[in-house]
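Shown next, in structure tokens, is the structure this report addresses.
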Amino acid sequence: MTTRSCPCGLPEPYEKCCGRFHSGAAAAPTAEALMRSRYCAFVRGDAAYLLRTWHPRTRPARLDLDPGMRWTGLEILGTTGGTAFHTTGTVTFRASYRGGALQEHSRFERVDGAWAYVDGDFPE
């Protein structure tokens with residue numbers, strides 16, 4: 001990842017990649033794009049976006065992010081569904097941070113046409 005590329009790992013600059021989702025100028029077209037934009041929101045400390053893109057059924061009342069957390073990379077390990085032709089999808093990913101990594105199998109559903117994060121499992 002270069003300093004000009006988006007924190008989600010794609011080569012586009014933040015403004016043309018996840019930034020347009022964060023600002024509300026566009027909606028993530030796939031479950032993977034939403035997952036990447038949510039990772040980027042964690043990197044940038046954007047709790048409002050994370051809550052906005054959380055499924056209403058599972059959304060917490062508030063989200064307190066650790067300002068000392070330093071996310072260092074994202075690797076997509078697999079996806080199922082989650083395209084314009086689906087109403088559900090999954091994304092399995094590994095998110096690295098200073099001192100370790102987190103792996104999650106996340107579930108997504110469409111809510112009023114937009115992708116939303118439902119929940120996830122942490123494979124052992």
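This chain uses plain numbering: 1 for the first residue, then up along the sequence.
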*So Arg38 and Thr53, side-chain hydrogen bond (donor to acceptor under 3.5 Å, both in side chains) or not? Walk me through it.*
CA-CA 8 Å; Arg38 286 176 55 83; Thr53 58; 2.8 Å; yes
*Are Leu50 and Met35 connected in the hydrophobic side-chain network, where two residues link if heavy atoms are under 4.5 Å apart?*
yes
*Co-membership, hydrophobic cluster, residues Leu77 and Phe122, 4.5 Å side-chain*: no
Is the shortest heavy-atom distance from the side chain of [X] to the side chain of [Y] under 4.5 Å?
X	Y	value
Thr92	Gln103	yes
Phe42	Met69	no
Cys6	Cys40	yes
Leu102	Phe93	yes
Leu63	Trp54	yes

*Output every pair passing salt bridge (charged side-chain N to carboxylate O under 4.0 Å, His left out) with a member in residues 27-37, not counting sequence neighbours, ordered by first then second residue.*
Glu32-Arg36
_Filter on salt bridge (charged side-chain N to carboxylate O under 4.0 Å, His left out), then keep only pairs touching residues 109-121, sequence neighbours left out; what's left?_
Arg57-Glu109, Arg107-Asp119, Arg107-Asp121
*Any donor-acceptor pair under 3.5 Å linking the side chain of His22 with the backbone of Ser37?*
yes
*Do Arg20 side-chain atoms and Cys17 backbone N/O form a donor-acceptor pair below 3.5 Å?*
yes
Pairing residues for [X] by the side chain to side chain donor-acceptor pair (under 3.5 Å) criterion, not counting sequence neighbours:
X	result
Thr80	Thr90
Thr87	none
Glu15	none

*Could you pull out the closest heavy-atom pair between Leu34 and Tyr49, with the gap in Å?*
CD1-OH, 3.4 Å
*How close do Pro60 and Leu51 get, heavy atom to heavy atom, and via which atoms?*
O-CD2, 3.7 Å
*For Thr83 and His86, run side-chain hydrogen bond (donor to acceptor under 3.5 Å, both in side chains): C-alpha distance rounded to whole Å, both residues' side-chain angles, the deciding distance at 0.1 Å, then the answer.*
CA-CA 5 Å; Thr83 72; His86 300 102; 2.8 Å; yes
*Quick one: side chain to side chain contact (heavy atoms under 4.5 Å, CB included) partners of Ala31, sequence neighbours excluded?*
Val91, Phe108, Trp115
*Can Val43 and Leu74 be said to form a side-chain contact (heavy atoms from CB on, under 4.5 Å), step by step?*
CA-CA 11 Å; Val43 170; Leu74 177 66; over 6 Å; no
*What distance separates Ser96 OG from Glu75 CD, expressed to the nearest 0.5 Å?*
7.5 Å
*Mind telling me whether Tyr39 and Trp71 have parallel, tilted or perpendicular rings, with 30° and 60° as the class edges?*
perpendicular
